[in-house]
Amino acid sequence: MPYIGFARSPHGPRKTYEMILGELGRRGFEVGFSKHHWAGDLSFGLVVAGTQKGATAVRWSLGKEFSFRLEAVDGVTFDEFVEDTVEYTDADSG
């Protein structure tokens, strides 16, 4: 089952990426692969991960403190979430 998530972070892309992967680990997600998309001039990005529980994508944006929310979705919703975010940002990846 795929998952989508939303995070807020007071940190930049690299630290936020690490925090999202750490939070997934604390929630029992074993990450086998991950990719980070962001646009340098926008204050948000997208982390996509392959896990033993299913594909996972977390959209993050800047905020005053770290917060994290995750929900199970169907495959169509997951694909649209990822495609819409990447298309909107015309993101670079790292």
Side-chain angles (χ1 to χ4, degrees):
M1 174 176 298
Y3 294 83
I4 63 171
F6 303 89
R8 295 260 182 194
S9 175
H11 307 288
R14 183 176 303 274
K15 177 71 174 174
T16 298
Y17 175 66
E18 293 169 359
M19 292 178 76
I20 289 170
L21 293 181
E23 187 62 33
L24 287 171
R26 282 187 284 286
R27 294 178 184 224
F29 288 78
E30 297 172 15
V31 176
F33 167 82
S34 64
K35 185 156 181 119
H36 190 188
H37 301 272
W38 75 92
D41 58 342
L42 298 175
S43 58
F44 67 92
L46 179 72
V47 175
V48 179
T51 77
Q52 90 288 5
K53 294 185 180 187
T56 305
V58 179
R59 183 185 298 157
W60 64 267
S61 61
L62 290 178
K64 292 185 180 188
E65 59 187 42
F66 187 77
S67 65
F68 187 89
R69 178 170 54 100
L70 195 63
E71 60 189 67
V73 296
D74 61 69
V76 172
T77 301
F78 177 85
D79 290 343
E80 289 175 352
F81 179 82
V82 171
E83 289 171 15
D84 289 349
T85 303
V86 171
E87 183 179 305
Y88 180 76
T89 62
D90 192 27
D92 295 328
S93 61

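No side-chain donor-acceptor contact under 3.5 Å links H11 and W60.
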Which side-chain N or O atoms in residues 67-75 pair as donor and acceptor under 3.5 Å with protein atoms at least two apart or in another chain?
| unit_1 | atom_1 | unit_2 | atom_2 | d |
| --- | --- | --- | --- | --- |
| R69 | NH1 | E71 | OE1 | 3.4 |
| D74 | OD1 | V76 | N | 3.0 |
| D74 | OD1 | T77 | N | 2.8 |
| D74 | OD1 | T77 | OG1 | 3.1 |
| D74 | OD2 | T77 | OG1 | 3.1 |

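Sorted by first and then second residue, the salt bridge (charged side-chain N to carboxylate O under 4.0 Å, His left out) pairs involving residues 10-20 (not counting sequence neighbours) form an empty list. Contacts classified as side-chain hydrogen bond (donor to acceptor under 3.5 Å, both in side chains) and involving residues 48-58 (residues at least two apart or in different chains) are not found.
Taking both residues in full, the closest heavy atoms of M19 and R26 are given as O-NH2, 4.2 Å, listed atom of the first, atom of the second, then distance. For the residue pair G63 and R8, the shortest heavy atom distance occurs at CA-CD, 4.2 Å. Across every non-hydrogen atom of Y17 and V47, the tightest pair is CD1-CG2, 3.7 Å.
Checked against Y3 for a ring pair (Phe, Tyr, Trp, His ring centres under 6.0 Å), the options F29, F81, F78 give a single hit: F29.
Judged by distance alone, with hydrogens and angles left aside, the side-chain atoms of R59 form no donor-acceptor pair with the main-chain N or O of L46 at under 3.5 Å.
One hydrophobic cluster, built from ILVMFWY side chains closer than 4.5 Å, cannot hold both M1 and V82; they sit in different ones.
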